[in-house]
Amino acid sequence: MDFALTQEQEAIFDMAKAFGESEIAPNAQAWEKAGEIPKDLWPKLAELGFGGLFVSEDAGGAGLSRLDGTLIFEALSMACPSVSALLSIHNMCAAMIDKFGSDALKAQMLPDVVTMNTFLAYCLTEPGSGSDAAALKTKAVRTDTGYALTGTKAFISAGGYADAYIVMCRTGVDGPKGVSTLIVKDGTDGLTFGGLEDKMGWRSQPTRQVQMDNCEIPAGNLVGDEGKGFSYAMAGLDGGRLNISACSLGAAQAALDKTIAYMGERKAFGKTIDQFQALQFRLADMEIELQAARVVLRQAAWKLDTGAPDATHYCAMAKKFVTEAGSKIVNDCLQLHGGYGYLADYGIEKLVRDLRVHEILEGTNEVMRLIVSRGLLAK
Ligand SMILES: Cc1cc2nc3c(=O)[nH]c(=O)nc-3n(C[C@H](O)[C@H](O)[C@H](O)COP(=O)(O)OP(=O)(O)OC[C@H]3O[C@@H](n4cnc5c(N)ncnc54)[C@H](O)[C@@H]3O)c2cc1C
C-alpha cells in the first residue's frame with residue numbers, strides 16, 4: 001500500500017494552489033461583498049484544464065481521476081471554498097454529460113463546457129423535495145420536437161448565472177425510475193429565475209430558484225436514456241461528495257496554517273499564545289483530525305476511481321466525516337484567534353460560514369448516515 005502522491009499529482013496540487021493564491025485569494029472577500037464571481041475567472045481556470053477535470057481526453061477534457069480532482073479542490077479551497085465549490089458543481093455536470101450523453105450531445109456541448117464559455121448548473125432540488133429527491137415534480141411532456149418542461153428547482157447554485165442547466169425531471173412514473181435528465185440552455189423561452197437568496201455563506205456565488213414554464217427542449221438535449229436520470233444524478237453526486245469534502249479539507253488546512261502563524265505572534269500573559277500547552281493540544285487535535293480526514297477522503301476517491309462496489313458507501317462516509325471535521329476545525333481556529341477571529345479581515349469567520357453548508361448539500365449528513373447504515377444492514 002502506497003499513500004504517497006505521485007510527482008504529477010503533487011504538481012497538479014501546486015499548480016492549483018499557486019493559481020488560488022494569485023487569482024482568487026486576493027479577491028475572495030470583494031467577490032463575497034459583490035455577491036458574484038466575475039465570469040472571466042472561469043476561462044482562466046479552464047486554461048489549466050479545470051473546466052473538464054473528469055471529461056475524457058477524447059472530448060477535450062483533462063481525463064483526471066477522482067483522486068486528482070480532490071487535490072485540485074483542496075488546493076483551490078485554501079484560497080476560497082465558495083469559488084472552489086462552484087467549480088466543483090460545473091465539473092460534476094460536465095462529467096455527467098461526458099459519461100452519459102450521446103455523441104451528438106457531447107459534440108454540441110463539451111467544447112464550450114471544457115473552455116468554460118458554457119458554465120453549468122445542477123438542478124435536482126425542488127421547493128417540496130430535497131433529501132427525498134426522487135419525489136421531484138418538475139415535469140417534461142413529450143412533444144413533436146422534444147419536451148415541454150414545467151416546474152421549479154430550488155437552491156440552485158449559479159441559478160441565473162449559468163449558461164446551461166442540467167435538470168432532473170419527471171418523464172414517467174412516480175419515483176426514481178420516472179426521472180430523466182434534460183439540458184436547458186439560458187435564454188430558453190419560459191426559463192426565469194427567483195430572487196438572489198440571502199445566505200449565511202457561499203455568498204460570492206449566486207443561489208436562485210430556477211423556474212421553467214412550458215420550456216421547449218429539443219429531443220437532442222436529453223442526457224442518456226429516458227428514465228435513467230435519477231441514476232445519472234446520483235452517480236454525479238458520488239464524485240460531487242468527494243469534491244465538496246475536499247473543499248472543506250483545503251479551507252480547514254488554510255485556517256490551521258493561519259492559526260499557527262497567528263498564535264506565534266499574539267501575546268497574552270507575557271508570552272505568545274502558542275506557548276500555552278492547553279492551546280498546543282488543541283492544535284494537535286486539529287492536525288490529527290485533518291490528517292485523518294485527508295486519508296478517509298483519498299481512500300473514498302480511490303474506491304470511486306477503481307470502480308469498487310462499495311464506492312458509494314465510502315463516498316458517503318468521507319462526506320460526513322470530512323465536512324464535519326472541516327467545520328469543527330475552522331470553528332476552533334476562530335476561537336484561537338479570540339475576538340479577531342470574528343472580524344472579516346482575518347479571513348477565518350468567512351470559512352466558518354462557507355463550510356457550514358457542506359454538511360447540508362450534495363445530500364445532508366443525515367442522508368450520508370442513511371446510506372452508510374443501509375449498506376451495513378444489507379450485509
Ligand atoms: C447554498 C445551497 C446551495 C445548493 N445548491 C444546490 C444545487 O446547485 N443544486 C441542487 O439541486 N440543490 C442544491 N442545494 C439543495 C440541497 O442539496 C438541499 O438543501 C439538501 O439536499 C437538503 O434538502 P432540503 O433543504 O429540502 O432539506 P430536507 O430534505 O427537508 O431535510 C430537512 C432535515 O431533515 C433531515 N432528513 C430528511 N430526510 C431524512 C431521513 N430520511 N432521515 C433522517 N433525516 C432526514 C435532513 O437531513 C435535514 O436535517 C443547495 C442548498 C444550499 C443551502
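Read the numbers this way: they start at 1 and go in the same order the structure lists the ligands and their atoms. What's counted below: heavy atoms across the whole structure, side chains too, no hydrogens, waters or symmetry copies. Numbers here are sequence positions counted from 1.
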> Exactly which residues line ligand 1, taking a heavy atom under 4.0 Å from it as the test?
Replying inline: Tyr122, Cys123, Leu124, Thr125, Gly130, Ser131, Phe155, Ile156, Ser157, Lys199, Val357, Ile360, Leu361, Glu362, Thr364, Glu366, Leu370
> Can Gln253 and Arg294 be counted as having a side-chain donor-acceptor contact under 3.5 angstrom?
Replying inline: yes
>> If the condition is salt bridge (charged side-chain N to carboxylate O under 4.0 Å, His left out), which residues does Arg208 pass it with, not counting sequence neighbours?
In response: none
> Does the side chain of Asp68 pick up a donor-acceptor pair with the side chain of Ser65 at under 3.5 Å?
Replying inline: yes
> Who passes salt bridge (charged side-chain N to carboxylate O under 4.0 Å, His left out) against Asp58, sequence neighbours left out?
Replying inline: none
> Quick one: salt bridge (charged side-chain N to carboxylate O under 4.0 Å, His left out) partners of Lys199, sequence neighbours excluded?
Replying inline: none
>> Could you check whether Glu359 and Ser327, counting side-chain N and O atoms only, form a donor-acceptor pair closer than 3.5 Å?
In response: yes
